[in-house]
Amino acid sequence: MGDYTIQISTKLIDQLARDDEKVKRKSRKPRPKKKTTVQQHEEPQDIAPKEFPSEPKTSSPALAPVPAPGWPVQPPPMFLPVTPAPPPPPAAMPEVESIRSILKESEAVLEKLDKQEAGARQELSKRAKELHDKEFKLPYQNPMPCTEERAGCLECYKSNAKDPLKCAEAVRRFEACALMAMKSTTAKAD
């Protein structure tokens with residue numbers, strides 16, 4: 001928020017001082033009190049003093065605060081934050097208005113270009129993926145030979161970790177399968 005200064009002139013201070021003196025000099029004339037007559041066959045009603053909304057309500061009238069004579073009881077002041085005045089509307093100059101209209105048009109063009117760029121980026125990504133899939137597709141690979149024999153050999157070693165000689169038969173089967181696979185691949189290559 002901005003900085004604000006308040007200047008109080010000596011004239012205002014003198015006026016306020018004189019106003020206090022005037023209030024002290026004035027005396028109020030007492031109003032004559034009207035007597036209320038109460039009929040004997042009726043019960044008198046309780047006349048409660050007026051309560052102001054700012055005063056707290058008390059349960060017994062003896063504890064209620066009595067306002068000072070002559071001055072009315074006023075609610076406490078309410079303080080509001082100081083807000084600066086809104087800035088005055090800018091002067092309408094044709095040059096400024098033309099610049100603003102051009103600025104709005106350029107912002108609209110920028111939004112349109114952003115949308116086009118996003119669409120082009122998606123299209124480019126899609127085409128690059130398709131090209132990558134076509135060019136770099138792995139050729140058909142033959143399954144690895146002797147997978148069952150290899151798995152059987154590994155299982156035997158896991159179950160007989162203390163006595164690996166019991167897996168000699170599984171190792172022989174895996175070796176025979178591997179030799180046959182090597183012979184078949186060399187025969188195909190020739």
Side-chain angles (χ1 to χ4, degrees), residues 1-8 51-61 63-65 73-190:
M1 293 172 83
D3 295 331
Y4 296 97
T5 58
I6 298 175
Q7 296 180 353
I8 300 176
E51 292 185 20
F52 293 98
S54 64
E55 294 179 347
K57 294 184 179 181
T58 56
S59 59
S60 82
L63 298 177
V73 177
Q74 296 179 352
M78 182 171 54
F79 297 101
L80 299 173
V82 177
T83 56
M93 294 190 297
E95 295 171 352
V96 174
E97 294 301 321
S98 65
I99 291 172
R100 285 186 183 157
S101 65
I102 292 171
L103 180 64
K104 286 181 182 179
E105 290 174 11
S106 63
E107 286 175 351
V109 169
L110 180 64
E111 288 177 12
K112 184 178 177 182
L113 288 174
D114 284 342
K115 289 178 183 178
Q116 286 178 353
E117 180 185 358
R121 189 179 302 133
Q122 288 177 351
E123 183 71 24
L124 180 65
S125 299
K126 181 180 173 184
R127 288 188 181 179
K129 184 178 178 186
E130 289 173 1
L131 182 63
H132 184 269
D133 291 344
K134 286 181 185 177
E135 288 292 320
F136 297 104
K137 194 173 189 181
L138 294 174
Y140 175 75
Q141 294 180 350
N142 291 333
M144 188 163 188
C146 306
T147 55
E148 291 178 17
E149 288 82 2
R150 182 176 183 264
C153 189
L154 289 174
E155 186 65 34
C156 183
Y157 277 126
K158 285 181 184 177
S159 61
N160 298 314
K162 293 183 179 180
D163 191 15
L165 294 177
K166 291 182 179 179
C167 299
E169 184 63 33
V171 170
R172 274 190 228 123
R173 277 186 269 143
F174 180 55
E175 182 183 10
C177 181
L179 286 174
M180 280 185 17
M182 284 178 26
K183 286 180 184 177
S184 66
T185 55
T186 58
K188 287 181 185 178
D190 290 338

A.B. asks: Please tell me if the side chains of R150 and T147 come closer than 4.5 Å, counting only heavy atoms from C-beta onward.
C.D. replies: no
A.B. asks: Under 4.0 Å between a Lys/Arg side-chain N and an Asp/Glu carboxylate O for E130 and K134?
C.D. replies: no
A.B. asks: Can you find a heavy atom in the side chain of Q116 that is under 4.5 Å from one in the side chain of L113?
C.D. replies: yes
A.B. asks: Can you tell me how far CZ of F174 sits from CG of L179, rounded to the nearest 0.5 angstrom?
C.D. replies: 10.5 Å
A.B. asks: For R100 and E97, run salt bridge (charged side-chain N to carboxylate O under 4.0 Å, His left out): C-alpha distance rounded to whole Å, both residues' side-chain angles, the deciding distance at 0.1 Å, then the answer.
C.D. replies: CA-CA 5 Å; R100 285 186 183 157; E97 294 301 321; 3.4 Å; yes
A.B. asks: Measure the distance from the SG of C167 to the SG of C153 and say whether it is below 2.5 Å.
C.D. replies: no
A.B. asks: Could you walk me through whether K112 and V109 pass side chain to side chain contact (heavy atoms under 4.5 Å, CB included), step by step?
C.D. replies: CA-CA 5 Å; K112 184 178 177 182; V109 169; 5.6 Å; no
A.B. asks: To the nearest 0.5 angstrom, please state how far the NZ atom of K126 sits from the CG atom of L131.
C.D. replies: 14.0 Å
A.B. asks: How would you list, by chain and number, every residue that makes a salt bridge (charged side-chain N to carboxylate O under 4.0 Å, His left out) with E111, sequence neighbours excluded?
C.D. replies: none
A.B. asks: Can you see which heavy atom on E149 is nearest to which on C177, and at what distance?
C.D. replies: OE1-SG, 3.7 Å
A.B. asks: A side-chain contact here means heavy atoms from C-beta on lying under 4.5 Å apart; do R127 and E123 qualify?
C.D. replies: yes
A.B. asks: If the threshold is 4.0 Å, N to carboxylate O, is there a salt bridge linking R172 and E169?
C.D. replies: yes
